Amino acid sequence: MKKLLVGLLAALSLGMAQKTLVFGSNGEPVSLEPGNITDGISIYVQRQIYDTLVDFKPGTTEPVPGLAESWESNKEATVWTFRLRRGVRFHDGTELTAEAVKFNVERWWDPKNPTRIDAAARYEIWPYLFGGSKGEEGSILKEIQVVDKYTIRFVLSKPFPAFPAAIGSGYFGIASPTAIQKDGAKYGSPTGSAVGTGPFRLVEWRPGDQIVLERNPNFWKPGLPKVDRLVFKVIKDPAARLAALKAGTIDFTTDIPPSNLRDLEADPNLDAVFRPSFNVGYLALNPSHKPLADKRVRQAIAMAINKKAIVQAFWGRLGVTDGHFTPPSMKAFQSPKVTDYEFNPQKAKALLAQAGYPNGFDLELWYMPVSRPYFPTPKEIAEALAADLSAIGIRVKLQTKDWASYLADRKKSPGFQAYMLGWTGDYGDPQNFYDPHFLGPIADLFDPQGKNLVIPELNELLVKGATTPGKEREAIYQRVDELTFDLALRVPIVHSQPLLAKRKNVTGWTPSPLGSESFEAVDKR
C-alpha cells in the first residue's frame with residue numbers, strides 16, 4: 001500500500017510539473033510599453049503580454065476579432081465603432097473597458113498627454129501609421145468617443161478603409177491604465193511592470209539575459225495558453241542560437257541564416273519553419289551627407305551593388321531581389337515600369353564622375369547589431385555591400401552600435417550617412433510600407449540643411465493613395481513605386497522568406513507574415 005501511495009504521489013507530481021517553453025530571442029526589447037516601440041524584437045515579447053483590439057487569422061494578414069468582438073464603419077470609412085468583449089480582465093484584475101482603450105490610444109496619439117512616460121519616450125509609431133499626432137495637420141484621428149462601457153468609437157478626418165487592421169498592429173497592445181499610472185516612468189522597463197490581458201504575465205526581466213513570463217490563469221480564450229512558463233532567452237548570435245536549439249536549451253527560435261537550411265533539414269531532432277514573406281530589407285542613403293544629396297550618386301550606389309549575387313550568397317532560395325519597396329505579394333500596386341537597378345559598375349563610376357566624384361568618397365555604412373528577418377547576418381551582408389562599393393571608389397567604413405541606440409540615433413539630425421534596416425508589414429496594405437518610410441517629414445532622412453526630408457510630389461501621392469478606393473488607388477501606388485525607385489533613397493536589397501526553427505516536440509506554432517505572433521497555442525510534447 002505504501003509503495004502504491006508513493007507511486008501515485010510521484011505520478012501526480014509529474015503530471016503537475018510545470019511545462020516551460022524557451023524561445024531563443026535574437027535581441028533584447030527596447031521597451032515593453034505598447035505604442036512606444038517600432039522594432040520587431042519588442043513586439044515579439046509584447047504580443048505575449050498584451051492583446052490588440054483586432055487580431056489576425058493565424059498565418060495570414062486577414063483581420064479577425066481580438067479584444068473587440070466586432071466593428072463597423074459608416075459608408076465613408078471615417079467613423080469606426082468597436083464593441084469590446086465583456087468580462088476580460090488585465091493581469092492586475094482590473095477590467096477592460098472602453099475607457100481603458102481610450103486611455104491607451106490617447107497616450108499614443110497626444111504628445112501632451114500627462115501619462116506619457118518621459119525618458120526619451122518617442123511614441124513615433126502612431127504618427128507613422130496614422131498620419132500625425134494630435135494637433136498636427138496630417139492626423140487621421142480627430143476624436144475618440146466612449147459610447148458606453150464596452151463600445152469605443154474613432155472619428156477620422158479622412159477615409160481609412162484599413163483602419164481596423166492598422167489599429168490591430170502589434171505595436172498597439174492594450175495595457176492596464178492602473179499599472180501605467182502606478183509605475184510612471186518605470187512602466188515597461190526592466191524595473192517596472194508590463195500589464196495586459198494577454199496569455200502570459202511578466203514575472204522577471206533580467207537585462208541581457210532573459211525575460212520570464214507565466215501563464216495567465218484568467219486568459220479570456222478557453223484552454224489557452226498551452227504552457228505554464230514562457231522564457232525569452234536573449235542569444236544575439238545566430239550560430240549560438242542554432243547551437244542552443246540543437247542542444248535543447250531552447251525550444252524554438254527565429255532569424256536563422258538561410259545558409260543553415262540544409263543543416264536543419266538533416267537534423268532528426270529539428271524542424272525548419274518558414275515565415276510567409278512580407279518584408280523588405282533595404283539600404284538607406286541619407287541626402288544630408290553631401291555626396292548623397294545628388295540623386296546620381298545614390299543611383300550609382302544602387303547600380304554598383306550586385307544584389308542578385310548577394311541575395312544568392314546569403315539567402316539562397318529563401319530570398320528575392322527587385323526594385324520594389326513593397327513585397328511581391330503586393331504586385332497589383334507595383335509598376336510594370338520598375339524592374340530593378342542594373343548591376344553595372346562602369347556606368348556607376350561614370351555617374352559618380354558626372355556628379356563630381358571621379359575618385360569616389362568616404363562613406364560610413366551602419367549595420368544592425370542584431371539579426372532580423374530581412375538581414376539575418378547583418379555584418380557579413382554589410383561587408384559584401386562595402387566590397388561592391390569599393391569597386392567604384394567609395395571607401396566604406398562599417399559602423400554599428402547597440403540596438404536601441406541604433407534605432408534612435410539614426411533619427412537625430414543629420415542622421416547616419418548610410419544604414420541597413422528593413423520592414424515587416426503590420427497589415428496587408430501598401431500604405432503600411434510607404435508611409436513610415438517616405439511620407440514627409442521623413443523621420444530618419446534629412447536634407448543638406450539637416451531638416452527632416454520632405455518630397456512634395458511623393459507626399460501628395462501618398463496622402464491621396466491612403467484614401468482612394470479601387471483601381472485608381474492601384475495606379476497611384478504604381479506611380480509611388482516609380483518615384484521611390486528613381487529617388488533611390490532606400491534601395492531594396494531583399495524580400496526574404498525568414499527561416500525559423502524548432503525542436504520536433506514543439507507543436508502549434510503558426511508563424512505570421514506580419515513578423516510576430518502569439519505563442520498562446522504553442523505546446524511542447
Side-chain angles (χ1 to χ4, degrees), residues 24-33 36-45 118-125 128 188-190 205-211 232 234-241 254-255 257 280-289 291-292 301 314 361-387 389 394-424 436-437 442-446 450 452-453 489-491 493-494 515:
S25 178
N26 58 356
E28 183 141 29
V30 173
S31 171
L32 295 183
E33 181 199 0
N36 196 20
I37 47 96
T38 59
D39 69 298
I41 294 174
S42 297
I43 290 178
Y44 239 124
V45 184
D118 293 325
R122 291 172 296 276
Y123 301 91
E124 60 194 352
I125 194 61
Y128 265 14
S189 75
W205 180 355
R206 295 209 304 255
D209 182 16
Q210 65 182 23
I211 295 174
F232 281 77
V234 178
I235 309 174
K236 295 182 180 180
D237 180 63
R241 283 202 308 281
T254 59
D255 301 330
V280 60
Y282 61 82
L283 173 65
L285 303 173
N286 195 341
S288 66
H289 182 47
L292 300 180
I301 288 174
F314 292 98
F361 54 89
D362 296 326
L363 180 70
E364 290 185 351
L365 195 164
W366 291 77
Y367 65 90
M368 306 168 315
V370 297
S371 56
R372 301 299 300 125
Y374 34 80
F375 288 136
T377 53
K379 182 180 179 182
E380 291 80 0
I381 296 167
E383 290 169 344
L385 295 173
L389 295 181
I394 296 177
R395 298 169 292 279
V396 175
K397 181 181 180 181
L398 296 180
Q399 303 269 46
T400 192
K401 57 175 59 181
D402 73 89
W403 184 226
S405 298
Y406 187 94
L407 292 173
D409 290 353
R410 79 188 202 279
K411 297 180 178 180
K412 296 176 181 176
S413 180
F416 295 160
Q417 292 178 5
Y419 71 90
M420 293 163 56
L421 203 61
W423 187 262
T424 297
H437 297 94
I442 302 173
D444 59 350
L445 297 179
F446 301 85
N452 292 99
L453 188 65
L489 291 165
R490 304 187 196 269
V491 179
I493 303 297
V494 68

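What you see is a predicted model, and the numbers here were worked out from it, not measured in a lab.
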Could you go through Thr424 and Arg372, starting from their C-alpha distance and side-chain angles, then the distance that decides it, and tell me whether this counts as side chain to side chain contact (heavy atoms under 4.5 Å, CB included)? CA-CA 10 Å; Thr424 297; Arg372 301 299 300 125; 5.8 Å; no
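- Note that CG of Leu363 is 10.0 Å distant from CZ of Arg395, once rounded to the nearest 0.5 Å.
- One finds the OH atom of Tyr374 at 9.0 Å from the CH2 atom of Trp423 (value rounded to the nearest 0.5 Å).
- At distances below 3.5 Å, not a single donor-acceptor pair connects side-chain atoms of Asp255 with backbone N or O atoms of Pro376.
- Screening Lys412, Lys411, Arg410 for a salt bridge (charged side-chain N to carboxylate O under 4.0 Å, His left out) with Asp444, the sole residue that qualifies is Arg410.
- Ring planes of Phe416 and Trp366: parallel class, angle under 30° (limits at 30 and 60°).
- Using a 4.5 Å cut-off on side-chain heavy atoms (C-beta onward), Phe232 and Pro29 make no contact.
- Minimum interatomic distance between Ser31 and Trp205 (heavy atoms only, all atoms of both residues): CA-CH2, 4.4 Å.
- Of all the heavy atoms in Arg206 and Asp209, the pair that sits closest is NH2-OD2, 2.7 Å.
- Summarising the geometry of Pro369 relative to Asp402, their closest heavy-atom pair is CG-C, 3.8 Å, with the distance given to 0.1 Å.
- Counting heavy atoms from C-beta on, the side chains of Phe361 and Ile394 come closer than 4.5 Å.
- Remark: Lys379 pairs with Tyr367, Glu383 by the side-chain contact (heavy atoms from CB on, under 4.5 Å) rule, at least two apart or across chains.
- The closest side-chain donor-acceptor pair between Gln399 and Tyr406, if any, does not fall under 3.5 angstrom.
- The closest donor-acceptor contact from the side chain of Asn286 to the backbone of His289 lies at 3.5 Å or more, if one exists at all.
- Proximity of Pro257 to Glu380: side-chain heavy atoms (C-beta onward) are nowhere separated by under 4.5 Å.
- Between Ile301 and Val491, the closest side-chain pair of non-hydrogen atoms is not below 4.5 Å.
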Take Ile37 and Leu407, measure what side chain to side chain contact (heavy atoms under 4.5 Å, CB included) needs, and give me the verdict at the end. CA-CA 10 Å; Ile37 47 96; Leu407 292 173; over 6 Å; no
Kindly indicate, with the supporting measurements, whether the criterion side chain to side chain contact (heavy atoms under 4.5 Å, CB included) is fulfilled by Arg490 and Ile442. CA-CA 12 Å; Arg490 304 187 196 269; Ile442 302 173; 3.4 Å; yes
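- The two residues Glu28 and Trp403 make their nearest non-hydrogen contact at O-CD1, 4.1 Å.
- Every side-chain contact (heavy atoms from CB on, under 4.5 Å) that Ala240 has, sequence neighbours left out, goes to Ile235, Asp237.
- Within 6.0 Å of NZ on Lys401 lie more than 12 heavy atoms contributed by other residues, nucleotides or ligands.
- Under the 4.5 Å side-chain criterion, counting only non-hydrogen atoms from C-beta, Asp362 is not in contact with Gln417.
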Given the rule in the side chain to side chain contact (heavy atoms under 4.5 Å, CB included) test, do Met420 and Ile493 qualify, once you have shown the distances and angles that lead to the verdict? CA-CA 9 Å; Met420 293 163 56; Ile493 303 297; over 6 Å; no
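- Under the 3.5 Å distance criterion, the side-chain polar atoms of Asn452 are left unmatched by any main-chain donor or acceptor of Phe446.
- When every heavy atom of Arg241 is checked against every heavy atom of Ser371, the shortest pair comes out as NH2-OG, 3.1 Å.
- Going from atom NZ of Lys236 over to atom OG of Ser25 covers 10.0 Å, rounded to the nearest 0.5 Å.
- Taking 4.5 Å as the limit, every side-chain heavy atom of Val494 sits out of range of all side-chain heavy atoms of Phe314.
- When side chains are defined from C-beta on, Leu489 does not count as touching Leu285, because their heavy atoms never get closer than 4.5 Å.
- Contact annotation: the side chain of Thr38 never approaches that of Val30 to less than 4.5 Å [non-hydrogen atoms, C-beta and beyond].
- Contact record, Gly450 with Ser413: O-OG, 2.6 Å, taken as the closest heavy-atom pair.
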